[in-house]
Amino acid sequence: MDGLKNAMEDAVEYQLNNLLPTMPQVCSCEKCRLDMASYALNRLPPQYVRTNTGALYKKLTNSSVQVEVEVMAAVISAIKIISAHPKHD
């Protein structure tokens with residue numbers, strides 16, 4: 001549906017961008033990154049927004065320590081699982 005965005009996508013992408021460079025042994029190709037993001041997003045509650053104002057509000061809300069920890073935990077779990085079982089050679 002056009003006009004909807006899951007604000008958690010940005011939070012997951014942010015954590016992947018921060019964590020993957022610290023793990024040079026983990027494949028960070030586009031396929032693996034998308035698999036990691038999908039895995040993490042499926043374990044986090046969606047936070048859909050429709051407007052830029054809504055996106056800004058969710059960004060501020062997601063900056064709480066609790067939400068950051070939950071997103072980071074989901075992303076770390078995704079990195080472990082996907083890097084152990086990549087879907088490519």
Within 45° cone and under 6.0 Å: R43 NZ/CZ vs Y39 ring
yes
Any chance you could measure L44, atom CG, to N6, atom CG, to the nearest 0.5 Å?
8.5 Å
Donor-acceptor pairs are to be reported for all side-chain atoms of residues 15-24 against protein atoms at under 3.5 Å, with residues two or more places apart or in another chain.
from: N17; atom 1: OD1; to: R33; atom 2: NH2; distance (Å): 2.5
from: N17; atom 1: ND2; to: E13; atom 2: O; distance (Å): 3.3
from: N18; atom 1: ND2; to: Y14; atom 2: OH; distance (Å): 3.4
from: T22; atom 1: OG1; to: L19; atom 2: O; distance (Å): 2.6

Name all pairs fulfilling the side chain to side chain donor-acceptor pair (under 3.5 Å) condition that reach into residues 69-79, sequence neighbours left out, sorted by first residue then second.
Q66-E70
Which value, rounded to the nearest 0.5 Å, describes the distance between Y48 atom OH and L4 atom CG?
8.0 Å
So which heavy atom on A11 is nearest to which on V71, and how close?
O-CG1, 3.7 Å
To check you understand the geometry: which heavy-atom pair defines the closest contact between P86 and A84, and what is its length?
CD-C, 3.5 Å
Straight-line distance of K31 NZ to D35 CG, nearest 0.5 Å
9.0 Å
With side chains defined as the heavy atoms from C-beta onward, is the minimum distance between H88 and C27 less than 4.5 Å?
yes
Considering all heavy atoms, the nearest A78-M36 contact
CB-O, 3.3 Å
Residues in salt bridge (charged side-chain N to carboxylate O under 4.0 Å, His left out) contact with K5, at least two apart in sequence or another chain:
E9, D10
Taking all non-hydrogen atoms of both residues, which atom of C32 and which atom of I82 are closest, and how far apart?
O-CG2, 3.9 Å
